[in-house]
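One structure below.
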2 protein chains.
Amino acid sequence: MTHEVLCVVLQVRSGTLQALLWRRALEPHLGRWSLPGGRLRHDEDVETSIRRQLAEKVDLRKLKHVEQLAVFSTPDRVPGPRVVATAFLGLVPSDVEPTVPEDTSWHTVEQLPRTAFDHGSITLRARERLRSKLSYTNIGFALAPDLFTISALRDLYSAALGYRVSATNLQRVLTRRGALATTGETVPPGRSGGRPAALFTFAEHGMQVTDPFAAFRPPSTR
Amino acid sequence: MTHEVLCVVLQVRSGTLQALLWRRALEPHLGRWSLPGGRLRHDEDVETSIRRQLAEKVDLRKLKHVEQLAVFSTPDRVPGPRVVATAFLGLVPSDVEPTVPEDTSWHTVEQLPRTAFDHGSITLRARERLRSKLSYTNIGFALAPDLFTISALRDLYSAALGYRVSATNLQRVLTRRGALATTGETVPPGRSGGRPAALFTFAEHGMQVTDPFAAFRPPSTR
DNA sequence: CACGTTTTCGATCGTAGAGCGAAAACCTGG
DNA sequence: CCAGGTTTTCGCTCTACGATCGAAAACGTG
């Protein structure tokens with residue numbers, strides 16, 4: 001029984017949430033699109049394995065966030081000898097354009113092409129995880145450049161969540177959580193005019209993905 | 001490379017959160033406490049595997065909730081040939097007393113005994129998962145009997161979370177989420193008197209563990 | 001300089017959870 | 001049968017967070 005690691009690499013590109021997929025060059029499922037990854041080596045754990053494989057095959061050392069998604073282990077999920085897969089969710093900031101091999105390309109998660117094996121449903125599971133965590137963690141930072149305007153961040157959130165997000169609300173929520181840090185700088189407006197936008201960064205302690213916002217809170221120690 | 005499935009079976013017993021552990025009868029780590037589970041068969045996925053193994057060795061078909069926790073895959077996590085583990089979180093309602101084999105017993109998670117391998121940290125991870133989910137899902141129902149009073153539920157939440165929870169608040173929150181259903185019945189008070197407590201059940205749609213409470217909400221369609 | 005555009009800020013509203021205290025409903029002991 | 005203790009339950013208020021709206025700020029263009 002072999003063990004493989006797979007990663008759903010997500011990035012917001014041109015306003016939509018997209019996943020990086022490989023075109024299979026082998027049977028079975030030749031020509032279909034599949035998730036990057038590969039076999040787990042005997043000297044590495046799954047985290048380092050997926051990081052190695054991504055860094056090897058693609059230039060994706062800029063992955064800002066990687067986390068375990070789930071294990072997929074249906075006996076017949078791939079034809080032939082049994083393969084158990086540990087799937088990951090990986091996030092790439094919207095400003096980097098990773099150099100990817102010839103046989104890979106980005107696909108909007110909204111309408112995926114024919115995927116190999118169970119890779120389609122794995123991708124959808126990854127999107128659900130991202131959407132859930134966007135609301136109660138600051139995982140959204142992994143989708144954004146180091147410097148960004150609020151409206152740019154709003155567009156990222158909108159693309160990932162699939163519905164329109166208000167910039168006003170986003171700024172206030174993130175500010176209240178102490179996740180935003182102001183740089184004095186601004187960005188000149190576009191051709192159609194408009195007020196110049198302020199540039200923000202993530203606060204230091206806002207960088208790591210914080211725990212879910214507790215609906216039940218420990219007793220206040222006032 | 002073999003694959004094993006492990007389960008952190010948690011139950012609130014006598015006011016504390018406890019985990020079901022086995023005393024190892026084999027080297028290595030003979031005599032230490034370990035998580036129930038075993039090797040993944042070639043014809044089953046990890047979910048059915050852990051369910052089978054728990055139902056086989058212990059009488060635990062009453063597990064009200066089982067979910068994947070994480071993969072643990074450090075190459076040397078167990079001595080000898082490589083073993084990758086998929087860990088689960090399992091919850092047992094507080095009113096059932098499962099018949100368990102001779103060589104197993106319950107241990108408070110607060111102060112675990114010497115565990116085998118990485119089973120100690122896995123157990124702690126499971127507790128963290130439970131605590132997180134308690135606040136923003138209704139997973140707490142898996143810890144409670146079918147019929148329960150609010151104060152009994154309060155005690156369960158307090159034990160699992162590790163801090164005192166107010167019965168008033170708990171009732172209101174769960175009611176507002178539509179998770180509680182009233183049965184007309186009450187329970188006579190104890191020896192020291194007191195108002196009889198009302199018996200509650202879980203609403204139908206409250207039975208499944210709902211998604212995290214969204215901090216960002218889709219636009220209201222009013 | 002009027003107008004459109006985009007960003008940003010302020011004010012208000014609704015709702016969820018926290019905290020407190022009183023009322024309700026039951027015991028036991030005199 | 002009543003006084004006091006106990007436990008549950010309900011109501012009121014407070015605070016915090018997110019939603020919504022609108023106006024002001026700061027820029028372009030014709």
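Because the structure is a prediction, the values reported are computed rather than measured. Proteins get letters first, then strands, A, B, ... in listed order; numbering begins at 1 in each.
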Is the centre of the F200(B) ring less than 6.0 Å from the centre of the F141(B) ring?
-> no

Compute the centroid of each ring, for H107(B) and then for W33(B), and state whether the two points are separated by less than 6.0 Å.
-> yes

To the nearest Å, give me how far apart [atom1] ([X]) and [atom2] ([N]) are.
| X | N | atom1 | atom2 | answer |
| --- | --- | --- | --- | --- |
| L180(A) | dC9(C) | CG | C1' | 15 Å |
| L134(A) | dG18(D) | CG | C1' | 16 Å |
| F200(B) | dC10(D) | CZ | C1' | 11 Å |
| Q171(A) | dA25(D) | CD | C1' | 14 Å |
| R164(A) | dT20(D) | CZ | P | 13 Å |
| L174(A) | dA16(D) | CG | P | 19 Å |
| F148(B) | dT8(D) | CZ | P | 14 Å |
| R154(B) | dT7(D) | CZ | P | 10 Å |

Between R172(B) and S151(B), which is nearer to the 5' end of DNA chain D once each is assigned its nearest nucleotide?
-> S151(B)

Would you call E4(A)-R77(A) a salt bridge at under 4.0 Å N-O?
-> yes

List the steps, then state whether salt bridge (Lys or Arg N to Asp or Glu O under 4.0 Å) holds for E102(B) with R23(B).
-> CA-CA 9 Å; E102(B) 182 79 15; R23(B) 175 159 248 142; over 6 Å; no

Please step through salt bridge (Lys or Arg N to Asp or Glu O under 4.0 Å) for the pair R127(A) and E110(A), ending with a clear verdict.
-> CA-CA 10 Å; R127(A) 184 181 66 173; E110(A) 195 59 47; 3.3 Å; yes

Parallel, tilted or perpendicular: which fits the ring planes of Y136(A) and Y136(B), with parallel below 30° and perpendicular above 60°?
-> tilted

So what does T168(A) touch, heavy atoms closer than 4.0 Å: a base, only the sugar-phosphate, or nothing?
-> base

Pull out every residue in residues 189-198 of chain B that has a heavy atom closer than 4.0 Å to any atom of DNA chain D, ordered by number, or say none.
-> S192(B), G193(B), G194(B), R195(B), P196(B), A197(B), A198(B)

